[in-house]
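Residues take their numbers from the sequence shown, with the count starting at 1.
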Amino acid sequence: MKALSFYQPIAWMLAHGHFVVDDRTWIPYYRGPIAIHASKTGLEDYILYCRHVAGVEVPDMADLARGGIVGIGELVDVLQPGESGDFPIEQRAYSGPGHYGLVFANVRPIEFIPCRGKPGLFDLDFDPLNYTAPVIVEKQGSLF
């Protein structure tokens with residue numbers, strides 16, 4: 001499955017269906033299933049944007065998972081710069097004029113899966129839908 005990294009709280013807003021569009025400076029030619037990756041970096045000021053402009057009570061930065069997969073969905077379309085796609089500003093992670101709008105659908109949060117992100121679209125080496133966390137085995141005592 002392909003994945004795309006987002007700063008928090010944008011990843012949380014997408015995974016929970018509050019944002020439908022994320023703006024990027026580049027066009028992905030891929031359409032299909034996608035994992036929402038929350039990067040380790042967060043935008044503290046963006047929480048205020050989400051709360052005051054989008055009207056969503058976003059968790060505090062300390063409570064947002066970072067450094068792994070937080071949701072899955074589909075990348076279904078890309079809007080051209082200046083094109084709104086009839087999505088209100090409250091549903092858009094707005095970056096400014098001249099950006100392409102990546103449109104997501106059927107997005108839902110999943111249990112956090114730690115993994116490294118990468119720039120742009122990247123391939124996961126596991127299926128987040130069938131992921132099971134590794135079992136942590138307690139260290140054995142000395143045999144001697």
Heavy-atom closest pair, residues Gly117 and Ser5: CA-OG, 3.7 Å
Start with the C-alpha gap between Ile34 and Glu74, add the side-chain angles, then the distance that decides, and say whether side-chain contact (heavy atoms from CB on, under 4.5 Å) holds. CA-CA 5 Å; Ile34 194 159; Glu74 296 175 63; 5.6 Å; no
Value for CD1 (Ile36) from CG (Leu75), rounded to nearest 0.5 Å, stands at 8.5 Å
Quick one: side chain to side chain donor-acceptor pair (under 3.5 Å) partners of Lys118, sequence neighbours excluded? none
Over all heavy atoms of both residues, which pair between Cys50 and Pro9 is shortest? Give the atoms and the distance, please. SG-CG, 3.9 Å
Are more than 12 heavy atoms from other residues, nucleotides or ligands located less than 6.0 Å from atom CZ of Arg51? yes
In this structure, CZ of Phe6 is separated from CG of Leu14 (nearest 0.5 Å) by 5.0 Å
I'd like to check the side chain to side chain donor-acceptor pair (under 3.5 Å) partners of Asp63; sequence neighbours left out, ordered by chain and number. none
Once you round to the nearest 0.5 Å, how far does CD1 of Ile27 lie from NE2 of His99? 12.5 Å
Which atom of Met1 lies closest to which atom of Pro33, heavy atoms considered: CE-CB, 3.9 Å
Distance from Leu4 atom CG to Phe122 atom CZ, nearest 0.5 Å? 7.5 Å
Result of checking Pro109, Pro114, Cys115 against Ile69 for side-chain contact (heavy atoms from CB on, under 4.5 Å): Cys115
Does one hydrophobic cluster hold both Val107 and Ile10, with members joined at side-chain heavy-atom distances below 4.5 Å? yes
One should read off an interatomic distance between Ile72 CD1 and Leu124 CG, to the nearest 0.5 angstrom, of 11.0 Å
Is there a chain of hydrophobic side chains (I, L, V, M, F, W, Y, each step under 4.5 Å between heavy atoms) that links Val76 to Val20? yes
Which heavy-atom pair separates Asp123 from Lys2 by the least distance, and what is that distance? OD1-NZ, 3.1 Å
Please evaluate residues Val56 and Phe19 with respect to the criterion side-chain contact (heavy atoms from CB on, under 4.5 Å), reporting the C-alpha separation (whole Å), side-chain torsions for both, the decisive distance (0.1 Å), and the verdict. CA-CA 10 Å; Val56 177; Phe19 282 160; over 6 Å; no
Out of curiosity, does Tyr30 fall in the hydrophobic cluster containing Trp26 (side-chain heavy atoms, cut-off under 4.5 Å, transitive links)? yes
Set out, in order, the CA-CA distance, both residues' side-chain angles and the distance that settles side-chain contact (heavy atoms from CB on, under 4.5 Å) for Met13 and Tyr46, then state yes or no. CA-CA 11 Å; Met13 292 286 287; Tyr46 210 83; 6.0 Å; no
Can you pull the side-chain hydrogen bond (donor to acceptor under 3.5 Å, both in side chains) pairs that have at least one residue in residues 6-20, sequence neighbours excluded? Trp12-His16
Are Phe104 and Val70 joined in one hydrophobic group, where the rule is that I, L, V, M, F, W and Y side chains link up if heavy atoms are under 4.5 Å apart? yes
Other residues, nucleotides and ligands only: do more than 12 of their heavy atoms fall within 6.0 Å of CZ on Arg116? no
To the nearest 0.5 angstrom, please state how far the CZ atom of Arg66 sits from the OG1 atom of Thr41. 8.0 Å
Return yes when atom CD of Glu83 has more than 12 non-hydrogen atoms of other residues, nucleotides or ligands closer than 6.0 Å, and no otherwise. yes
